[in-house]
Number of protein chains: 2
Amino acid sequence: MNIKEIAKLANVSVATVSRVINKDSKVKSATKEKVESIMKQFKYTPNSHAIRLSKGVKDKTIGLIVPDVGNILFSEMVETICSRAEKENITILLCNTNGDYEKEKKFIKLLMEYRVKGVIYIPGKYVSQKNYSFLNEIRKQNIPIVFLDRKIEGFDFDGVFLDNYEISYNLTKTLLKIKTKKIYFISGALEISSAYDRFLGFKNAIEQNNNFETTYEIKYGDFKFNSGYELGEEILKNHKDEELTIYVANNTMALGFFKILKKYSKNFKKVIIGIFGTSEILDLLLEDQKYVTCKVQNKEIAEKSFEILLKKIENPDLQNENKKYILYNSTIINKLD
Amino acid sequence: MNIKEIAKLANVSVATVSRVINKDSKVKSATKEKVESIMKQFKYTPNSHAIRLSKGVKDKTIGLIVPDVGNILFSEMVETICSRAEKENITILLCNTNGDYEKEKKFIKLLMEYRVKGVIYIPGKYVSQKNYSFLNEIRKQNIPIVFLDRKIEGFDFDGVFLDNYEISYNLTKTLLKIKTKKIYFISGALEISSAYDRFLGFKNAIEQNNNFETTYEIKYGDFKFNSGYELGEEILKNHKDEELTIYVANNTMALGFFKILKKYSKNFKKVIIGIFGTSEILDLLLEDQKYVTCKVQNKEIAEKSFEILLKKIENPDLQNENKKYILYNSTIINKLD
DNA sequence: GTGAAAGCGCTAACAT
DNA sequence: ATGTTAGCGCTTTCAC
């Protein structure tokens, strides 16, 4: 149903219909009502592209692909990007993927169709069996894309990340200052690049810094509260020693771990905790603990990713320049004594 | 710069340029390169509306206006709405306002220009001196709009909210079961409808349920962590009695309050806390406390707002039907003994 | 391999 | 107060 058909049905010209739509000029109220009733009857809604094309409106929109806006880590990134975008009069199409491959693919295609000016992409898991060629397609369209926080192997795009490996390595090294037989590692899914790099940093730090005196055991979680709680319980209920050393790969799981730790804490004389990332609340909870942590610069990397994207949007000639991978390091916060 | 001009500069037809843009058919590589270099040189990017108009693509987008996506309360709402929207193949334009009137106005106008199919609107403060006539304009365009969580006085739109008054009234009533001389109320800005209704429920509960034996003092915060901390300190450092009763109007401020309470807790024998809303982390912190709280159904109201919007989008005839204001009540969680 | 031209659905200037 | 019509910038069929 388009304006022409409405016009015909109402026995008026398209111009009149257009006027009615836009509550514009002086249309006789009789005709106005007739047109409106026809529009209603046929559930007509004007085509936004036609309107905007004829009005000469161009718009700057970018796509923002996020695993889970409900997660405070990402929502802070989204907020940062929104605020910067607003200043540039750039509008944001928000795509929440749940970390799901199919949705990521669907959204990328959608954004291409929308002809967005650029994309900031926080992937979920990278599954090597899956086909990520949709990333090639978007490149062919010359739409700049910047990875944020997590990467997909094998694609040469710009990206801004935490230096997960390095930070985790240093954090573990600090943790090892307290001699322990064993460290439990509560990990995120290793298909997520950040989780993998954190694990790798942890593993290498152990292997390179203690002559293998310390062993470790890894538990696979999903970066969420409950998995910290549940994996924590698995560990706590089976651990007989009065000393416990544990490394939790993100702060949300750490909160879950704390919840269960409270229940079991009487069993342990000494609990040492390493946590990748902290937060105001975590600090509160950790007050009486011995722990090692670091600040996660999520807002900073989000902002940086936007700046890079902006530059690419404004200078399409840079599009095929060398891609930038930027890593943000972070100082270790040592509260071991 | 448009396709025609590019064509002219490259000495080819628009059709050829179009083919180059779309990496489409067999274009001689010489011509292809020539066209591409011209496009690059003039920073040409095709007009998305023209493309989509000619391709016959229609899109369903809605606008989502939020004070602060970085706030977990709202980000959970956003997540809920995103997920539902994705199922309906509806795309979301995210507008982060910072609670700022000017931005709200700007975004509403933007969304009208975009001809979005509908809007979900979480306002910031309602300032009666400001001019909210942009809401009339969007109504004239027949774009359905649903208020979420907070309202603007004087506009007859659909909306879904917590029953802030009722819940707060009940919460306070429960709190009053413990006799106290005075209750401190850490409030949000009263220009925010939810904050105001919570205060009103609190006030009326006190006045109606204790023959005015209990007095109260209100402190004005901004619903954020720091304001719980700072207002908490104001209260704690001046309160001489060993008993303290306090009502915090949202859970984020409650966390801030906890932080400062830890510092002062030795001064008090008995601290009773009322908190509007809770969370997994708050529960953790409250474990050894006497408190009254309630679950805030933020996801539920978000989902409901989407359902209402969807119905309006699908049945434009309902557009001018009676507006719905839906209030979500919540049971009080009583941990006083 | 390339071009000419119709058409996508609307707006807005100009006519009447 | 209403109609006619030339665009808006692109895609796509059909010719060549």
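All values reported here derive from a predicted model rather than from experimental measurement. Just so it is clear: chains get the letters A, B, ... in the order the sequence lines come, proteins before strands, and each one is counted from 1.
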Take the protein atom [atom1] of [X] and the nucleotide atom [atom2] of [N], then report the distance between them rounded to whole Å.
X        : N      : atom1 : atom2 : answer
B:Lys55  : D:dC8  : NZ    : C1'   : 18 Å
B:Ile6   : D:dC10 : CD1   : P     : 9 Å
A:Glu113 : D:dT11 : CD    : P     : 13 Å
B:Lys4   : D:dA6  : NZ    : P     : 14 Å
A:Lys28  : D:dG3  : NZ    : P     : 10 Å
A:Lys34  : D:dA1  : NZ    : C1'   : 13 Å
A:Ile21  : D:dT2  : CD1   : C1'   : 15 Å
B:Glu5   : D:dG7  : CD    : C1'   : 15 Å

I want to verify a distance call: between [options], whose nearest atom is closest to the [X] side chain?
X       : options               : result
B:Ser54 : C:dC14, D:dG9, D:dC14 : D:dG9
A:Val14 : D:dT12, D:dC10, D:dT5 : D:dT5
B:Val12 : D:dT2, D:dG9, C:dG3   : C:dG3
B:Arg19 : D:dG9, D:dC10, C:dG3  : C:dG3
A:Val27 : C:dT2, D:dC10, D:dT2  : D:dT2

Check your understanding: Are A:Leu64 and A:Ile81 close enough that some pair of their side-chain heavy atoms sits under 4.5 Å apart?
Key ->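 Yes, at least one pair of side-chain atoms sits under 4.5 Å.
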**Study point:** Close side-chain approach of B:Val66 to B:Cys95, heavy-atom, < 4.5 Å
**Key:**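 They are not in contact (no side-chain heavy atoms under 4.5 Å apart), so the answer is no.
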At less than 4.0 Å, is any side-chain N or O atom of [X] found next to OP1 or OP2 of [N]? Yes or no.
X       : N      : value
A:Asn22 : C:dT11 : yes
B:Ser13 : C:dT2  : no
B:Ser18 : D:dT12 : no
B:Thr16 : C:dG3  : yes
A:Asn47 : C:dG9  : no

Review point. Of B:Ala15 and B:Arg115, whose closest DNA chain C nucleotide lies nearer the 5' terminus?
Key: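 Nearer the 5' end of the strand: B:Ala15.
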Exercise for review: Pick out which of A:Val146, A:Val119, A:Ile152, A:Leu135 makes a side chain to side chain contact (heavy atoms under 4.5 Å, CB included) with A:Phe157.
Suggested key: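 Testing A:Phe157 for a side chain to side chain contact (heavy atoms under 4.5 Å, CB included) against A:Val146, A:Val119, A:Ile152, A:Leu135 leaves exactly one candidate, A:Leu135.
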Review point. Any salt bridge between A:Lys106 and B:Glu86, counting N to O under 4.0 Å?
Key: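 Salt bridge present between A:Lys106 and B:Glu86.
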Review point. Do NZ/NE/NH1/NH2 and the carboxylate oxygens of A:Arg84 and A:Glu88 come within less than 4.0 Å?
Key: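 Salt bridge: yes.
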Review point. If you draw the axis of the six-membered ring of B:Tyr101, does the NZ or CZ of B:Lys125 fall within 45° of it and under 6.0 Å from the ring centre?
Key: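 Because its charged atom misses either the 6.0 Å distance or the 45° angle limit, B:Lys125 does not stack over B:Tyr101.
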**Study point:** B:Arg150 to B:Tyr126 six-membered ring, cation-pi geometry met (6.0 Å, 45°)
**Key:**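 The answer is no; the distance or angle limit is not met.
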Practice item. Confirm from the modelled atom types if A:Arg52 and C:dG9 form a donor-acceptor pair under 3.5 Å, side chain to base only. Key: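 When only heavy-atom distances are counted, A:Arg52 does not reach the base of C:dG9 through any donor-acceptor pair under 3.5 Å.
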Exercise for review: Assess the side chains of B:Asn142 and B:Lys312: does a donor N or O sit below 3.5 Å from an acceptor N or O?
Suggested key: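 Per modelled atom types, B:Asn142 and B:Lys312 side chains form no pair under 3.5 Å.
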Exercise for review: Looking at every strand, decide which applies to B:Leu53 at a 4.0 Å heavy-atom threshold: base, sugar-phosphate, or nothing.
Suggested key: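 Base contact - B:Leu53 has a heavy atom under 4.0 Å of at least one base atom.
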Revision key, fill the gap. Annotated structure of DNA chain D as dot-bracket, pair cut-off 3.5 Å, Watson-Crick or G-U only, | for inter-strand, is ||||||||||||||||
